[in-house]
Number of protein chains: 2
Amino acid sequence: MSDIHNETVAPAVERDVTDLVLQDILTGMLPAGTWLKQIDLERRYDCTRPEVRRALDRLSQKRLVEHVPNRGYHVYQPDGRRAQEISDIRVILETAIADQMVANAKPDSIETLRGLARHFDDMTQNGTVLEHYEANLAFHKELLLLAGNQELVDLISEIRQRTSSAPVSQWRTRARVEQSAREHHLMIDALEAGDTAELRRLIEAHIRQTARLGQR
Amino acid sequence: MSDIHNETVAPAVERDVTDLVLQDILTGMLPAGTWLKQIDLERRYDCTRPEVRRALDRLSQKRLVEHVPNRGYHVYQPDGRRAQEISDIRVILETAIADQMVANAKPDSIETLRGLARHFDDMTQNGTVLEHYEANLAFHKELLLLAGNQELVDLISEIRQRTSSAPVSQWRTRARVEQSAREHHLMIDALEAGDTAELRRLIEAHIRQTARLGQR
DNA sequence: GTAACATAAATTGGCGCCAATTTTGGATAC
DNA sequence: GTATCCAAAATTGGCGCCAATTTATGTTAC
C-alpha cells in the first residue's frame with residue numbers, strides 16, 4: 001500500500017476531514033484508484049484516526065471511496081455508466097424546474113447570477129482549480145435555488161459529487177471552459193427573457209457536454 | 001434522556017445496525033423525536049458502541065436522525081416542507097422515465113410486476129407492517145428498474161427514506177391502502193397498454209396522495 | 001409551592017492500545 | 001533471472017477506558 005504524497009494540509013477550522021478529503025479527490029490531488037491509508041491521512045490532515053475513519057466511512061457511504069475490509073479504502077475509479085446515469089438524472093431534474101426558475105427570476109436574482117457568472121469567468125483566468133470549481137458550483141446553486149425546492153438543490157449538489165464531474169476531468173480544454181462560461185451567460189439571458197424552452201435546451205446541453213467529457 | 005423501550009432485537013446476520021435502526025424508525029418503533037441513547041442501542045441491538053456510533057453517524061448523514069453534540073442523537077421530527085419537496089422530486093423523476101418504462105415493459109416484466117402487486121395485496125391482508133412496507137418497496141423498485149437507470153432507482157430508494165413516507169404515516173386508513181393496491185394494478189395495466197400518459201398520471205397521483213397523508 | 005444550587009449519576013466523545021490481517025523485504029531454491 | 005517461503009514491518013479494526021459534558025436528584029432558601 002503506497003501512493004499518496006504526504007503533504008500536511010492545514011485544516012480549516014470550519015471544515016471537517018470529510019470535506020478536506022473530498023476536496024482533494026475532486027481536485028485530483030487524490031486521484032482515482034489511490035489507496036487512502038488511515039495513518040497517512042492522519043498526517044496529511046493533521047487529525048486523529050477516529051476522525052479519519054469517520055471521514056472515510058462517510059465517503060464510502062457516498063460511494064466516492066470504496067472500503068475493502070482489512071486492506072483499507074481507495075478512491076473509486078470513474079464509472080462511465082454511473083456518470084451517464086447521473087447526468088441523465090440531472091437533466092431530468094434541472095430541466096423539469098426550468099419553468100419555476102423562469103417564473104421566479106427577479107431582477108436582483110438575475111443580477112446576482114450575472115455576478116456569479118462573471119466570477120466564474122474571472123476564476124477561469126486567475127483562479128486555482130478549486131476556486132474555479134467552486135465558482136461553478138456557486139453559479140449553478142444560485143440558479144437552482146430559483147426553483148424554491150431546497151431538497152432538490154441539496155440533492156443535485158450531492159449527486160454531482162458521485163462521479164468524476166470534477167475539475168480534473170470536467171474541463172479538459174480551454175475551449176471547453178470558455179464554452180461553459182458562455183453558456184452560463186446564455187442561461188441568464190434566457191432567464192431574463194423568460195424563455196423556458198431555451199433555458200431547458202441550454203441546461204441539457206451544458207450537462208451533457210460536461211458528462212461526455214467526464215468519461216475516460 | 002429517556003424514551004425508548006429496551007427490547008433486544010436479535011441482529012440479523014446480514015443486516016448491520018444502521019439498517020436495524022432505520023427499520024425501527026420507519027416502522028414507528030422509534031418514533032420521531034425519540035432520543036437514541038448509545039448505551040440503550042447497544043443493548044437493544046446487542047452490539048458494541050462503535051457499531052452504534054457508526055450507525056448513528058450514517059443515519060445523521062442521511063438526515064434521518066439529528067446529532068446534538070454532547071447530548072446525543074434523536075429521530076428527526078417530520079418536516080412537511082421536506083416531505084412535499086421530496087414528493088415533488090419523486091414526481092419529476094418517476095414521471096420523466098415513464099416512457100422508458102413503457103418501452104421496456106416485456107411480458108415477463110409485466111408478469112413479475114403483477115406478482116409483486118398481488119404480493120402487496122396479500123401483505124395488506126396478512127402481513128406485518130414491515131412486510132407490507134417492503135412489499136410496496138419491492139413493487140415500486142421493480143417498476144423503476146424498467147427504465148434502465150440504476151442510479152435513479154438507488155436515488156429514489158434513498159430519498160424515500162428521508163421523510164415520513166413510512167408505514168406509520170403513509171397508510172392511515174384501510175381505504176387508502178386499498179387504493180394504493182388498486183393503483184398498482186392500474187399502473188401495470190397502463191404499462192401493458194403502452195399508455196405513457198396514463199402511467200404518468202397514475203404515478204403522480206400515487207405519489208401525491210401518499211405525500212399528502214404523510215403530513216402531520 | 002417555585003427557584004437556585006450542589007452533587008451524584010448517566011452519557012457522550014475521543015484516545016490509546018493491541019489483536020488480527022496484510023504487505024513488504026529478504027533468503028533460498030531452481 | 002523467477003518463484004516460493006517466511007519473518008518483520010505496516011496497517012486495519014475494534015475494544016476498553018476515562019475525561020468532558022449533561023442530566024437527574026436532593027437540599028436549601030424564599
Side-chain angles (χ1 to χ4, degrees), chain A residues 1-9 11-22 24-25 30-31 33-77, chain B residues 1-9 11-22 24-25 30-31 33-77:
Chain A
M1 295 269 276
S2 62
D3 277 356
I4 64 173
H5 307 290
N6 288 335
E7 329 170 357
T8 298
V9 178
V13 187
E14 71 280 359
R15 302 182 93 175
D16 75 354
V17 183
T18 310
D19 291 329
L20 294 175
V21 179
L22 178 60
D24 282 348
I25 290 172
L30 297 173
T34 307
W35 286 92
L36 307 175
K37 299 206 270 187
Q38 296 176 21
I39 60 170
D40 286 346
L41 295 192
E42 284 179 62
R43 287 195 290 259
R44 184 186 177 92
Y45 301 112
D46 190 27
C47 62
T48 61
R49 187 96 73 86
E51 288 174 283
V52 168
R53 286 184 182 163
R54 188 178 59 193
L56 289 174
D57 185 68
R58 286 176 176 183
L59 292 170
S60 79
Q61 290 293 296
K62 291 168 181 260
R63 286 182 278 158
L64 281 153
V65 302
E66 181 176 23
H67 178 225
V68 182
N70 290 318
R71 292 192 60 195
Y73 296 78
H74 67 86
V75 183
Y76 262 113
Q77 297 287 347
Chain B
M1 295 269 279
S2 61
D3 278 358
I4 65 172
H5 307 291
N6 289 337
E7 332 170 358
T8 298
V9 179
V13 186
E14 71 281 356
R15 303 181 91 174
D16 75 353
V17 183
T18 309
D19 292 329
L20 294 175
V21 179
L22 177 61
D24 283 348
I25 290 172
L30 298 173
T34 306
W35 285 93
L36 307 174
K37 299 207 275 187
Q38 294 176 24
I39 61 171
D40 287 346
L41 295 192
E42 285 179 61
R43 287 195 289 261
R44 182 186 179 92
Y45 301 113
D46 189 30
C47 63
T48 61
R49 186 97 73 84
E51 287 174 286
V52 168
R53 286 185 182 161
R54 189 179 59 193
L56 290 174
D57 185 68
R58 287 177 176 182
L59 292 170
S60 78
Q61 289 292 297
K62 292 169 181 261
R63 287 184 277 158
L64 281 152
V65 302
E66 180 176 22
H67 177 227
V68 182
N70 292 318
R71 292 193 61 193
Y73 296 78
H74 68 87
V75 183
Y76 262 111
Q77 296 287 350

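A, B, ... follow the sequence lines: proteins, then strands. Residue 1 opens every chain.
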Over how many whole Å does the gap from [X] atom [atom1] to [N] atom [atom2] extend?
X: A:W35; N: D:dT11; atom1: CH2; atom2: P; answer: 14 Å
X: A:I39; N: D:dA10; atom1: CD1; atom2: P; answer: 8 Å
X: A:E42; N: D:dT11; atom1: CD; atom2: C1'; answer: 11 Å
X: A:E66; N: D:dT12; atom1: CD; atom2: C1'; answer: 16 Å
X: B:N70; N: D:dT23; atom1: CG; atom2: P; answer: 9 Å
X: A:Q38; N: D:dT12; atom1: CD; atom2: P; answer: 4 Å
X: A:K37; N: D:dG13; atom1: NZ; atom2: C1'; answer: 16 Å
X: B:L41; N: C:dT12; atom1: CG; atom2: P; answer: 9 Å

At what distance, to the nearest 0.5 angstrom, does OH of A:Y76 lie from OG1 of A:T34? 15.0 Å
Rounded to the nearest 0.5 Å, how far does CZ of B:R44 lie from CG of B:L20? 9.5 Å
Identify all side-chain donor-acceptor contacts of residues 60-68 of chain A below 3.5 Å with residues at least two apart in sequence or on another chain.
| unit_1 | atom_1 | unit_2 | atom_2 | d |
| --- | --- | --- | --- | --- |
| A:S60 | OG | A:D57 | O | 2.9 |
| A:E66 | OE1 | A:H74 | NE2 | 2.9 |

A:H67 side chain N/O closer than 4.0 Å to the phosphate oxygens (OP1, OP2) of D:dG13? yes
Looking only at side-chain N and O atoms, does B:R71 come under 4.0 Å of OP1 or OP2 in D:dT23? yes
Using a 4.0 Å cut-off on heavy atoms, which residues in residues 47-58 of chain A reach DNA chain C? List them by number, or say none. A:T48, A:P50
With a 3.5 Å distance limit and no angle check, can you tell me whether B:D40 reaches the backbone of B:R43 through a side-chain donor-acceptor pair? no
Heavy-atom closest pair, residues A:L41 and A:C47: O-SG, 4.2 Å
Pairs counted as Watson-Crick or G-U wobble with both distances under 3.5 Å: what dot-bracket string results for DNA chain D, using | for bases tied to another strand? ||||||||||||||||||||||||||||||
Once side-chain contact (heavy atoms from CB on, under 4.5 Å) is applied, do any residues pair with A:Q38, and if so which ones, sequence neighbours excluded? A:R49, A:V52, A:R53, A:L56, A:Y73
